[in-house]
Amino acid sequence: MTQSITTPYFMIDEQKLLRNLKIAKQLKEASGVKLVLALKCFSTWGVFDRISPYLDGTTSSGPFEVCLGHETFGGETHAYSVGFSESDVRSISNICDKLIFNSLSQYQAYAHLAQDKTKIGLRINPGFSYAGQDLANPARAFSRLGVPATKLTLNLFNEIDGIMFHMNCENKSAVDFVHQLGRLSSEFGAYLNQVDWVSLGGGVLFTWSDYDVALLAKGLKEFSERYQVQVYLEPGEAIVTQTTDLVVSVVDIVDNGKKTAIVDSATEAHRLDTLIYNEPATIKESMVEGKYEYVIGSCSCLADDQFCESRFDEPLFIGQKLHIQDSGGYTMVKLNWFNGLRMPDIYCRTQKDEMILLNRFTYDDFKAASSKWKLLE
Ligand SMILES: *Cc1c(COP(=O)(O)O)cnc(C)c1O
């Protein structure tokens with residue numbers, strides 16, 4: 001069956017998704033934490049009916065994500081943005097349960113637009129973080145992400161219901177995270193005593209193999225009991241990590257000093273983080289000790305656009321399919337039409353081993369992305 005599907009395409013594996021979701025459920029049961037899916041990482045709503053029974057709702061980074069979460073996921077809808085306009089706030093104020101502001105000025109300008117039932121939150125920048133690269137480090141110098149501690153006053157918390165901290169990126173250590181909880185307590189304890197809920201953001205990779213979920217759960221439970229708050233996490237990558245392949249075909253092989261297999265996809269268009277974080281992809285068919293080495297090159301015009309360098313037991317050939325692993329998070333949400341490449345279709349392989357088509361992109365989609373109307377004569 002897979003043979004008749006044309007590349008490139010994403011293949012979300014339901015079974016692998018459920019593995020992550022079961023760990024999420026264990027974490028919730030052991031700690032009392034609520035989990036809201038960060039849609040900026042993954043918003044392929046065609047599979048949300050499978051995910052929503054395990055989580056509590058969604059969180060957003062912009063107004064359209066608020067609408068999507070409300071419409072397709074349900075549960076609690078958290079609305080956050082680094083910068084809301086007044087019309088953004090008006091357009092979402094009746095569909096969000098929590099409205100979280102990034103700065104004091106945004107809070108002062110728009111909190112009054114919230115409905116009575118909507119809870120108001122403020123993002124605080126704790127001034128420390130776990131993040132590999134500066135690009136993704138919320139606590140970098142002069143960060144615009146959240147209110148710094150120096151600008152907080154106790155009476156601010158008479159009107160604010162909750163706090164959001166987000167300071168992790170792919171943190172695979174429960175020990176490290178629990179240490180962060182200790183720092184939050186010692187530096188922000190007075191404010192934590194004033195609020196009803198605290199979101200500890202995303203970037204906690206609790207589904208990673210060997211992650212100490214029990215230690216994380218214990219830390220979260222103690223934190224929530226100490227301050228009598230409902231604790232939230234906002235996982236994105238943790239939910240979709242290791243669930244999805246980007247399947248491509250080799251369309252050419254050139255040797256200009258290095259053997260390069262050119263595939264019918266590009267990091268710049270379909271797997272952008274490979275490029276911006278300079279993190280090579282992994283190919284399922286590769287072998288660490290393989291005799292044949294190739295650059296897996298993109299079919300974009302950008303000179304340094306490649307997925308990785310990999311070794312194989314057999315020479316690659318034109319028409320061969322390669323599975324680029326772990327391509328679920330921060331990929332489909334960032335697809336773009338650069339070079340007019342064919343955009344990957346999106347499939348879910350269900351537990352019954354059926355391939356269900358969730359999205360297919362056409363030339364008309366490409367054309368419409370550039371203009372919908374043209375100048376009159
Ligand atoms: C990016 C982000 C998340 C999700 O991060 P993951 O690393 O995908 O878990 C959650 N909350 C906020 C505020 C974010 O900016």
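Indexing begins at 1, ligand by ligand and atom by atom, following the structure's order.
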Next item on the list: Mind checking ring pair (Phe, Tyr, Trp, His ring centres under 6.0 Å) for Tyr107 and listing every partner two or more places apart, or none if nothing turns up?
Entry: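 Residues passing ring pair (Phe, Tyr, Trp, His ring centres under 6.0 Å) with Tyr107: none at all.
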Check: Which pairs pass side-chain hydrogen bond (donor to acceptor under 3.5 Å, both in side chains) with one or both residues in residues 20-32, sequence neighbours excluded?
Finding: Lys28-Asp56
Check: Is there side-chain contact between Ile12 and Ile346, with heavy atoms separated by less than 4.5 Å?
Finding: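 They are in side-chain contact.
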Item checked: Qualifying ring pair (Phe, Tyr, Trp, His ring centres under 6.0 Å) pairs with a residue from residues 174-194, counting only residues at least two apart or across chains ->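 Residue pairs with at least one partner in residues 174-194: Phe157-Tyr191, Phe165-Phe188.
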Check: Hey, which residues fall under 4.0 Å of ligand 1 on heavy atoms?
Finding: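 The answer is Ala38, Lys40, Cys41, Met164, His166, Gly202, Gly203, Glu234, Pro235, Gly236, Glu237, Tyr330, counting any residue whose heavy atom sits under 4.0 Å from ligand 1.
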Margin query: Can you confirm whether the side chains of Ser300 and Asn339 place a donor and an acceptor under 3.5 Å from each other?
Written below: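 Result is no, nothing qualifies.
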Notebook entry, point to check: Under 4.0 Å between a Lys/Arg side-chain N and an Asp/Glu carboxylate O for Glu76 and Lys98?
Noted result: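 The answer is yes: the pair qualifies as a salt bridge.
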